[in-house]
Amino acid sequence: MSADDLTPRQTEGVLHPEVRAPSDESERGPGGERLQHAEAASKPIRADAPREPQPRGAKVRGNRPIDQAEAAERFLAAPMHQKAHDERLWDVRRKRDVAAHGIPEWEELRELASQIKTHTLTHLDRYLEQFEAAAQANGVHVHWAEDGADHNRIVLDILRKHGAKSLVKSKSMLTEECGFRHFMAAHEIDVIETDLGERIQQLDDEEPSHVVMPAVHKTRLDVAEVFARTLGTDPDNDDAHYLAESQRETTRPLILKADAGLTGCNFAIAETGTVVTCTNEGNADLSGNVPPLQIHSIGIEKLIPRVEHLGVFIRLLSRSALGSPITQYTSHFRGPRPGTEMHMVLVDNGRSERLGMEEFWTSLKCIRCGACMNTCPVYRRSGGLSYGATYSGPIGLIIDPTFNKRKYSTLPFSSTMNGSCTNVCPVKINIHEQIFAWRKVLAEEHRIPLLKQGMMKAAGAVLSRPAAYRAAIQTADSALRVLPRFAVYNPANTWGKKREMPHAPRQSFHAWYRENRMKKGQDA
Amino acid sequence: MSARETILARLRANRPAGDFPLPDVPRFPPLVGDDLVAEFTERLGKMGGRVERAGSPSDPFAPVRSRLDGAAVIASAVPEFSGNRDLAAVAMPTEVNDVDVAVVRARFGVAETGSVLFTQDDLIVNAVAYLAQHLIVLLDPADILVNVQAAYKRPDFGQAAYAVLHTGPSATADIEGVLIHGAQGVRSLTVLLLQRKKQAA
Ligand code: SF4
């Protein structure tokens, strides 16, 4: 069913009586204090602020290399969006720091998480077999999918067997990877996103721009415009409470009528055959507990050996993502409800290949917390959609080229190499080193068409306005600490020449340059 | 070869060289002080939930009376309170869509995060914990564990078909970072500290 089938009451967005009066403020606690849990709070943009059209993401043209710099330029040319995006993500990054500093054993937890993941990935065949056996013993149907197309076909098959025509799903980056929504639309299955951010993106026919906050690049004015167009809300009302409530009122009937529910997976436990999802809205629980058929899509790298290991990962995940001690809901799905069927689809889609890539396999440890994006100056100032890929930001730069080396050949250049991503990563992936490793690989394979137009053009576009850039990093100890020296002074770098940069000892740059660049020849 | 065999074979062939043992997870000291009720209360509060102490033995529900009085449909999964919607008689989860308040008992609480745990046995109808407008959770103060690590030592996770840690009400900040409760699930979560009834011997 679609929005067209809704009753007038539903499309008019009649509000539940409990919805608060329009207000610019987030919820308050019992003591009247402004709550800051689980999600971030940005400075509200005034309702009378001038409207600024939302900059759209990268132009995707088949297999042609994505021009991230071009999309980034457009994002930068929309100052309201750029500022809101940057500030919001930096706020989340700061909350992450506070949460991390609140745990004396933080570094030990990161090391443990990293080792547990490394161990699991190097014994993944065994753990998958153990998971499968445990899940089957729990009465779950287990399927294996080699790629996204396989996954989609398997799910369609399950739906057809049950005569299911509509499906509610909770946010899942894996299904984005598989192009699930488009595939299902082509087969006349209604897919309804239940995460608010993802729903906004679905209604606006856009991909999520961030792994944790899918619509973080949109202002409330953009959301008001999308909802007015698709849900029939008042186009002049951009109060966030009104908008969220309208979405709740229009989505719930679709959840109640859905024939099937699908969730992604944050962790899959080999020992017990359990799928764990972490959400703040409880939407995975709605998808898993309301419709008569439940499906869980699982990337095979999500495995961890035992329940006790959740004690490590759950403590790291939300603190790294949004700075909260835990998500509002941490849900453990192990077996079907009486009288219903439960299916789990184990999806490879390139992961087993990546395991064999010596320099890049540890990227499989990623738990998709988004911390590396929130801290990345390029990401914060260009928006996730500028990457033109399912995964954006620092982790995207590493894993996107493993999906398509030509299409994503320019992405590893969208980085300042400041190393901040590596510092915040809860599973200790050496992100910036892998980005650099990709540059070498791509240079050797001559897969860098943009290189000719100026080395580092992608990062350059983002960083080409020193004042704005310095504002972006105002909370860092000093600009020098995060500015990539080689990027600034590299003679092959067209954008480094034309602006004033903080003084940095040239000597050390030249030392770096001799070591890392000269020997590679002029084209590297 | 089936997809299963292909994937497993590739994982074996591509397995990185080296010995990567599974580390032992040490028992970390709790982040919280000795007063678990106070720690739990403070931390749940930060996540948008409320904690109330039970009223007098004759009316333990007094602190949440106003919430209950305004409700037309109350579904109770606990013996201490009788609602007007029998969860045991529910055939389809969608039937609990009109519930205003659900009253359930948590298996345990976690002081580090302010979370409470439910399994399918505690909820009777899992969906009621999300489709109801408001949730009232009974929790025995003696059932509060120190931290997340202690929670995952509990056998419930290996036994229950469904187990869920709730930490406050449904929340979102997907629209410009403004925090909103009741994004999709319950609009409020109130924990009422009330001892478990002793099981009849
Ligand atoms: S790479 Fe690390 S920081 Fe980035 S999303 Fe993955 S786990 Fe988080």
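As a basis for the values below, the full set of heavy atoms in this structure was taken, side chains included, without hydrogen atoms, waters or symmetry mates. Below, chains carry the letters A, B, ... as their sequence lines are ordered, and counting in each starts from 1.
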Proximal component of A/Thr122, with respect to chain B [non-hydrogen, under 4.5 Å]: both
Pick one of side chain, backbone, both or neither for B/Ala9, based on which atoms fall under 4.5 Å of a heavy atom in chain A. neither
If I measure from the heavy atoms of chain B, does A/Ile314 come under 4.5 Å with its side chain, its backbone, both, or neither? side chain
Proximal component of B/Asn147, with respect to chain A [non-hydrogen, under 4.5 Å]: neither
Tell me, side chain or backbone of A/Asp150 under 4.5 Å from chain B's heavy atoms, or both, or neither? side chain
Do A/Arg220 and B/Glu176 meet the salt-bridge criterion of a basic N to acidic O distance under 4.0 Å? yes
So, are A/Arg334 and A/Glu271 salt-bridged, with charged N and O less than 4.0 Å apart? no
Chain A contact via B/Leu31 - which portion, at a heavy-atom distance below 4.5 Å: side chain
Measure A/Leu128 against the heavy atoms of chain B and call it side chain, backbone, both or neither at under 4.5 Å. side chain
Is B/Arg85 salt-bridged to B/Asp98, going by a charged N under 4.0 Å from an acidic O? yes
I want to check something: taking the side chain as every heavy atom from C-beta on, are B/Val128 and B/Leu87 in contact at a cut-off of under 4.5 Å? yes
How about A/Glu358: does its CD atom have over 12 heavy atoms from other parts shown lying under 6.0 Å from it? no
Is it the backbone or the side chain of B/Ser115 that comes under 4.5 Å from a heavy atom of chain A, or both, or neither? side chain
Proximity breakdown for A/Ile269 and chain B, heavy-atom pairs closer than 4.5 Å: neither
With only heavy atoms counted, which part of B/Leu189 is less than 4.5 Å from chain A, the side chain, the backbone, both or neither? neither
Proximity breakdown for A/Glu132 and chain B, heavy-atom pairs closer than 4.5 Å: side chain
With a 4.5 angstrom heavy-atom cut-off, could you sort out which part of A/Val307 is near chain B: side chain, backbone, both or neither? both
Between A/Ala145, A/Gly197, A/Gly282, A/Ala215, which has the largest tally of heavy atom pairs under 4.5 Å with chain B? A/Gly197
Answer with side chain, backbone, both or neither: which region of A/Thr272 has an atom nearer than 4.5 Å to a non-hydrogen atom of chain B? side chain
Non-hydrogen side-chain atoms of B/Leu139 and B/Arg105 separated by less than 4.5 Å: no
Please name the pair of heavy atoms, one in A/Pro336 and one in B/Ala161, separated by the smallest distance, quoted to 0.1 Å. O-CB, 4.4 Å
Less than 4.5 Å to any heavy atom of chain B: does that hold for the side chain of A/Val312, its backbone, both, or neither? side chain
Measure A/Gln247 against the heavy atoms of chain B and call it side chain, backbone, both or neither at under 4.5 Å. side chain
Below 4.5 Å from any heavy atom of chain B, which atoms of A/Pro291 appear? Answer side chain, backbone, both or neither. neither
